[in-house]
Amino acid sequence: MGKSYNTIAFDSNKCDGCGDCMTACATIKTGTDDKARSRIQIVGSETDGFELALCRQCGDPKCVTVCPAAALTKNFDSGVIDWDASKCVDCLLCTVGCAYAGIALDAGTGHVAKCDTCDGAPACVPACPHDALTYITTSRIYNEVGGWEDLFAPGLAGCQGCNTELLMRHTLRRVGPETVLATPPGCVPGMGSVGFNGTTGTKIPVFHPLLTNTAAMLAGVKRQYKRVGRDVTALAIAGDGGASDVGFQSLSGAAERNEQILFMVVDNEGYMNTGMQRSSCTPYGAWTSTTPIGKGSGGMPSQGKTQDAKNLPLIMVNHRCEYVATASTAYMEDLYDKLDKAIQASKRGFAYLHVYSPCTTGWRFPTDQNMEVARKAVETNFVMLWEYNPKDGLHFTHSADEPLPVTEYLKAMGRFRHLSPDQISHIQGKVVENLAFVKQMAHREN
Amino acid sequence: MTTAILETPTQTQPAKQKVILCEGNEAAALAVALARPDMVAVYPITPQSSLVEHVAALIADGRMDADIVDAEGEHSVLSVLQGGALAGARTYTATCGPGLAFMFEPYFRTSGMRLPIVMSIVTRDGITPQSVWGGHQDAMTVREVGWVQVYCETVQEVLDTTVMAFKIAEHHDVMLPVNVCLDGNYLSYGTSRVELPDQAEVDAFMGVKDVNWHVALDPHRPMAVDPLTGGTSGKGPSTFVRYRKGQCRGMQNSLRVIEEVHEEWAQRFGRSFAPLVEEYRLEDADYAIMTLGSMTGAAKDAIDEARDAGKRVGLIKIKTFSPFPVEALLKSLKKIRALGVVDRSVGFRWNCGPMYQETMGVLYRLCSETGSSLPSMSFIGGLAGADITVGHFHRVIEATESLLTKPAPIEPVWLNERD
């Protein structure tokens, strides 16, 4: 498994072109304040905007490919592309090969020069007075999880582009093999996680509870291991229908008893595995196979679901669980943080994680729009990302301020195609109302 | 706990046993403690409630080391135990009536997963009409779901059978859940003298616990529990069929195991109960009445009185109702010329009692083997807590006797219709 590295990220919206970064770089690398000799170059203008000319420390670096002298090499420990002066023939081919103007002739030395990240503490970053530069990795998950075993077998029979499969694989990697997994009827076992006729898609103990008794059955498993002194994580990956409708009693009961289990709900807003029927988590106005579109009777057209979605995670907050959070696969760092917290919380009591999971088949959008749909749901506040524990209360983990209009979300999929202007304004109104409600809970003293 | 110790053990008793006075629900709870389950799940319902209260008190007093789960309903009660059993726990619960009805979804599944869960049914009549009183309708309604079901006659039998039920359920040739049925009101609250076996003796009787050797949810031996089967292609249908056939084999095996376990119990503890079918004064009988559960006590008194009056009548009591003890019953039926079957519930489809309905299948076997039919009739009594008295049984005896000379009525006789 490869590894990803920190890079210097640039936010052009914050940059005013002051050049302090270039001065800092020139000072540390050349002992002068000659900005022209800086490895980082800010180009452009106030009117056209500023851009960054800097080595990106590419994973597949063209400068290395074109160098005839092998003077440039990718260092797989640091991630930096190292330049070896003793091998360089000063041909400058690398400056042509790089698309980012990340390597250039230093007139002061007569050789090329490039960013070496100052051995992991780049001088330019703290020099920026506007925080336009940050030295970060965007791939913490890749580095941490990439080498871990995928505990689901390849070739699960989910729909093409299934977001739930992505979520399951990440979740099980994180939770690890000392786990018992409950997958009540729905998409999760439907794609073969428990298996079919003697085969299984899961490498850890896995079972079909009933749609109705997931939390109770899993609690029994966990209690026995606790009794005999074994540390086994009890994990449920359940659909929204089984959790919010017919399985709600056992879920609520287990939460009240503070059973030590991690209950993850994959909310694709309906009974997608059985053919996209309505659940109580289906949003207002949505087409499903049991809330179809038609001309109706008595002048009342059938226009999708006529009720708003049940907000299951907020109901779980009112159980005062050890941990409750909402998450989205479009925000994987956030999801992983919450998964970590939920795993820890499940060693003390009931942990509940509600993941909004777009369904390409049931929501009617192309598979390549999965992340975009998931992201737009959050950006419009159609769903909100927050977490709760009894000590710290509820707080947002992603800003709900300045949302996009909800139409940006609704128009991304076919299940809302039929909506009337009145229906859209109902949904927008509910988005505002929901935000106010969650904010009220977030501000409540606990 | 209000248990009163009446006597100290005597030399004549085969094993060290305390003698106490208690109701049937407490006897069941004490038996559960003796069997040392890891996990019990409880939810109250009349007339079972005092049973789970006794269990809770035993645990609270430190007289029983089990994880008690106060679940939010019977559906979760059995579900929690399924999870516990799959992780290796010996498990127990009790329910009745509407609670059993609510539990039906996981109830059906327990036998399919071959989980040796023991559950008392403190039998109660079915609603509606609304009733909180005893009757066998609840247990009878679920008789076709693959649980072993045994019915007790006395409080002592409740205690002894409840311990034995764990051993029967966990026998490797059985691996099926077991219902110990004790009559609501009559046994649940009936207080009587009971001999309480010694814990060490029971431990020796029970042997080593091994409840999830065949199917487990355990990271040390990962497996998928209950993957999808069936369908019309691949190995699907055959997998399903072999599961079902295995369940039926386990049920049939249980007939032998129930006999063996009762025999061992008699040897260790000196108390003997007919494991499948009990015959009472049947050897020289011309005809017999057939009973189930606590009604049998009054029935035996009536038989004795009828015998004193010169009537050649005997009694057949069913202890093991599921699986139905066909061969054992067949032997008993060969001894008589007329039969009256008393049920404490109704069979809606056949307009008779369910036990009578089951017995008719055996009567067909009898006819096939002997070439002659045995006249029989159905009595329904004791519904909704009604008492079936000695007087009622005299009516039953008289009507059954008439079958020797007159044609059998098609309609059942309703014993408590005018009570």
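Residue numbers start from 1 in every chain, and the chains themselves are labelled A, B, ... in the order their sequence lines are given, proteins ahead of strands. What you see is a predicted model; the values in this text were computed from it and never measured.
The aromatic rings of Phe350(A) and Phe263(A) sit parallel, their planes meeting at an angle under 30°, below the 60° perpendicular limit. Using cut-offs of 30° and 60° on the angle between ring planes, the pair Tyr352(A) and His354(A) is tilted.
Side-chain contact between Arg174(A) and Trp148(A): present, with at least one pair of heavy atoms (C-beta onward) separated by less than 4.5 Å. When side chains are defined from C-beta on, Ile315(A) counts as touching Phe248(A), because their heavy atoms get closer than 4.5 Å.
For chain A, the nearby part of Met223(B) is the backbone; its heavy atoms alone come within less than 4.5 Å. The parts of Arg223(A) that come within reach of chain B are both its backbone and its side chain, each placing non-hydrogen atoms under 4.5 angstrom from that chain. Only the side chain of Glu259(A) comes within less than 4.5 Å of a heavy atom of chain B; its backbone N, CA, C and O stay farther away. For Leu210(A), the parts sitting under 4.5 Å from any heavy atom of chain B are the backbone and the side chain alike. Within the 4.5 angstrom heavy-atom criterion, no atom of Leu81(B) approaches chain A. Both the backbone and the side chain of Thr212(A) come within contact range of chain B, each with at least one heavy atom under 4.5 Å from a heavy atom of that chain. If you measure heavy-atom distances from Thr202(A) to chain B, you find no contacts under 4.5 Å at all. For chain B, the nearby part of Lys203(A) is the backbone; its heavy atoms alone come within less than 4.5 Å.
A donor-acceptor contact closer than 3.5 angstrom links the side chains of Asp245(A) and Ser280(A).
Across Val228(A), Val206(A), Thr214(A), the residue that shares the most heavy-atom pairs under 4.5 angstrom with chain B is Val206(A). Put simply, of Pro209(A), Gly195(A), Gly201(A), the one with the most heavy-atom pairs under 4.5 Å next to chain B is Gly195(A). Contacts with chain B were tallied for His208(A), Glu178(A), Met217(A); Met217(A) has the most, counting heavy-atom pairs under 4.5 Å. With chain A as partner, the option from Asp70(B), Asp218(B), Thr229(B) having the largest number of non-hydrogen pairs under 4.5 angstrom is Asp218(B). Taking chain B as the reference chain and counting heavy-atom pairs below 4.5 Å, the highest number among Lys222(A), Gln224(A), Glu256(A) is found for Gln224(A). Ranked by heavy-atom pairs under 4.5 Å with chain A, the list Pro222(B), Pro219(B), Pro227(B) is led by Pro219(B). Of the listed residues (Val77(B), Leu78(B), Val80(B)), the one with the most heavy-atom contacts under 4.5 Å to chain A is Val80(B).
Around the NZ atom of Lys226(A), the shell of radius 6.0 Å holds no more than 12 heavy atoms that belong to other residues, nucleotides or ligands.
Look at Glu105(B) and Arg109(B) and you find no salt bridge, because none of the NZ, NE, NH1 or NH2 atoms lies under 4.0 Å from a carboxylate O. In summary, Lys347(A) and Glu322(A) do not engage in a salt bridge, as defined by a charged side-chain N under 4.0 Å from a carboxylate O. Looking at Asp65(B) and Arg227(A), a side-chain N of the basic residue comes within less than 4.0 Å of a carboxylate O on the acidic one, giving a salt bridge.
Put simply, the side chain of Lys338(A) never gets that close to the backbone of Leu353(A): no donor and acceptor are under 3.5 Å apart.
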